[in-house]
Number of protein chains: 2
Amino acid sequence: MNIKEAATKFDLTADTLRYYERIGVMPPVTRNQSGYRDYQVRDLNWIYLVKKLRDAGLTIESLIEFATLAQMDRTQDVQAAQKTILNDQLEVIDQKIQELNDTRKLLSFKIDTYDEHLALFADGKTMPDPLWKENL
Amino acid sequence: MNIKEAATKFDLTADTLRYYERIGVMPPVTRNQSGYRDYQVRDLNWIYLVKKLRDAGLTIESLIEFATLAQMDRTQDVQAAQKTILNDQLEVIDQKIQELNDTRKLLSFKIDTYDEHLALFADGKTMPDPLWKENL
DNA sequence: ATAAACCTTATAGTTAACTCCAAGGCAAGA
DNA sequence: TCTTGCCTTGGAGTTAACTATAAGGTTTAT
């Protein structure tokens with residue numbers, strides 16, 4: 001599969017795929033005789049994973065860290081490091097989920113009490129209970 | 001409350017607070033005789049809301065849109081627009097939560113099947129089922 | 001009364017993550 | 001064979017969201 005097809009399949013641009021490969025977010029992709037990239041299932045799996053994790057808000061840097069380890073010899077140490085990274089990233093995601101749930105609560109509170117609450121909030125009028133005292 | 005106190009209370013920098021005010025993410029803050037910012041409860045509420053929504057991944061641009069409306073006369077039209085924005089942002093957050101839950105599934109799958117699966121994935125060896133066919 | 005530690009605005013610089021461009025090679029159809 | 005549409009690399013440009021600097025005013029402690 002050429003780069004354009006691979007890019008559109010995952011809703012990315014060819015430039016982004018080349019960029020990801022160049023900076024080491026994913027390992028070097030298979031090439032054909034002319035030196036063109038020819039994406040295999042393995043490469044597509046990498047794109048899928050990278051896309052998911054990027055969309056979830058993980059940084060390029062943490063993905064490079066993981067991809068780098070993935071290309072090393074799988075010694076005990078490297079395996080342990082990989083597991084650590086995966087677990088760290090899981091924790092990051094769990095935190096983000098928690099944060100989003102809190103924000104969701106705040107926002108739906110503001111929507112529910114829109115008329116009496118938000119009007120006061122946006123005006124200069126005094127508000128009895130400050131929002132930031134965690135009274136969602 | 002001066003800018004430094006306000007900033008540290010919400011784990012931001014004074015520069016960021018000035019920046020938020022300048023670009024219109026929040027309305028102008030109360031000033032004292034010397035022209036120094038003196039944050040009131042109302043201002044702190046704004047910071048709280050902005051921080052939450054930024055941390056949840058909403059863009060500066062959408063916050064400017066909301067803050068701009070909040071400073072207008074509260075006509076029927078403006079109220080409708082504000083409610084629309086709040087509901088749109090709620091939808092954005094719900095999408096993000098959904099996305100994170102999917103990613104969480106993928107990641108914990110990779111952790112659970114680490115030894116048999118990830119090793120194959122990272123190597124050049126063939127993988128029977130492509131990840132991107134939604135088989136989490 | 002002077003130094004330290006705040007504050008102000010205006011403007012320039014930084015960082016992350018792309019995104020685009022130039023210059024040129026390869027492949028398929030009229 | 002020539003045009004169209006891919007592809008390549010290297011490097012420059014862009015955008016969002018800060019972050020830092022300069023030049024100067026205020027407040028507080030010694």
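Proteins come first, then strands; the chains are lettered A, B, ... in the order of their sequence lines, and each starts at number 1. Scope of the values below: all heavy atoms of this structure, side chains included, with no hydrogens, waters or symmetry mates.
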Taking only side-chain nitrogens and oxygens of [X], does any of them come within less than 4.0 Å of OP1 or OP2 of [N]?
X       : N      : result
A:Arg22 : C:dT19 : no
A:Arg54 : C:dC18 : yes
A:Tyr20 : C:dC18 : yes
B:Asn2  : C:dC6  : no

Residue pair B:Arg37 / B:Arg18, side-chain heavy-atom distance below 4.5 Å | yes

Side-chain donor-acceptor pair present, B:Asp94, B:Gln98, cut-off under 3.5 Å | no

Does a donor on one side chain sit under 3.5 Å from an acceptor on the other, for A:Asp55 and B:Thr103?
-> no

Grab the [atom1]-[atom2] distance between [X] and [N] for me, whole Å please.
X       : N      : atom1 : atom2 : result
A:Glu61 : C:dC18 : CD    : C1'   : 16 Å
B:Glu21 : D:dA17 : CD    : C1'   : 17 Å
B:Leu12 : D:dT19 : CG    : C1'   : 13 Å
A:Lys4  : D:dT8  : NZ    : C1'   : 15 Å
B:Leu63 : D:dA17 : CG    : C1'   : 12 Å
B:Glu5  : C:dA5  : CD    : P     : 16 Å
A:Ile23 : C:dC18 : CD1   : C1'   : 9 Å
A:Asn32 : D:dC6  : CG    : C1'   : 12 Å

Say whether, by atom type as modelled, one donor and one acceptor occur between the side chain of B:Asp38 and the main chain of B:Thr30 under 3.5 angstrom.
-> no

Sorted by position of nearest nucleotide on DNA chain C, 5' first, the leading residue of A:Gln33 and A:Thr13 is A:Thr13

Could you pick out which residue, B:Asp38 or A:Ile60, lies toward the 5' side of DNA chain C when each is mapped onto its nearest nucleotide?
-> B:Asp38

Charged N to carboxylate O below 4.0 Å: is that the case for B:Glu21 and B:Arg31?
-> yes

The side chain of B:Tyr19 lies closest to which of these nucleotides: C:dT8, C:dC7, D:dA17?
-> D:dA17

Given D:dC7, D:dT9, C:dC6, which nucleotide is nearest the side-chain atoms of A:Arg37?
-> D:dT9

Test A:Thr13 against every option in A:Thr16, A:Asp11, A:Asp15 by the side chain to side chain donor-acceptor pair (under 3.5 Å) rule and name the one that passes.
-> A:Thr16

Where protein sits on nucleotides 21-26 of chain C, one letter per nucleotide: B base, S sugar-phosphate only, - none, heavy atoms under 4.0 Å | ----BB

Hphob cluster co-occupancy, B:Met26 + B:Tyr48, side-chain heavy atoms under 4.5 angstrom = yes

Base, sugar-phosphate alone, or nothing: which one does A:Ile3 contact when heavy atoms must sit under 4.0 Å apart?
-> sugar-phosphate

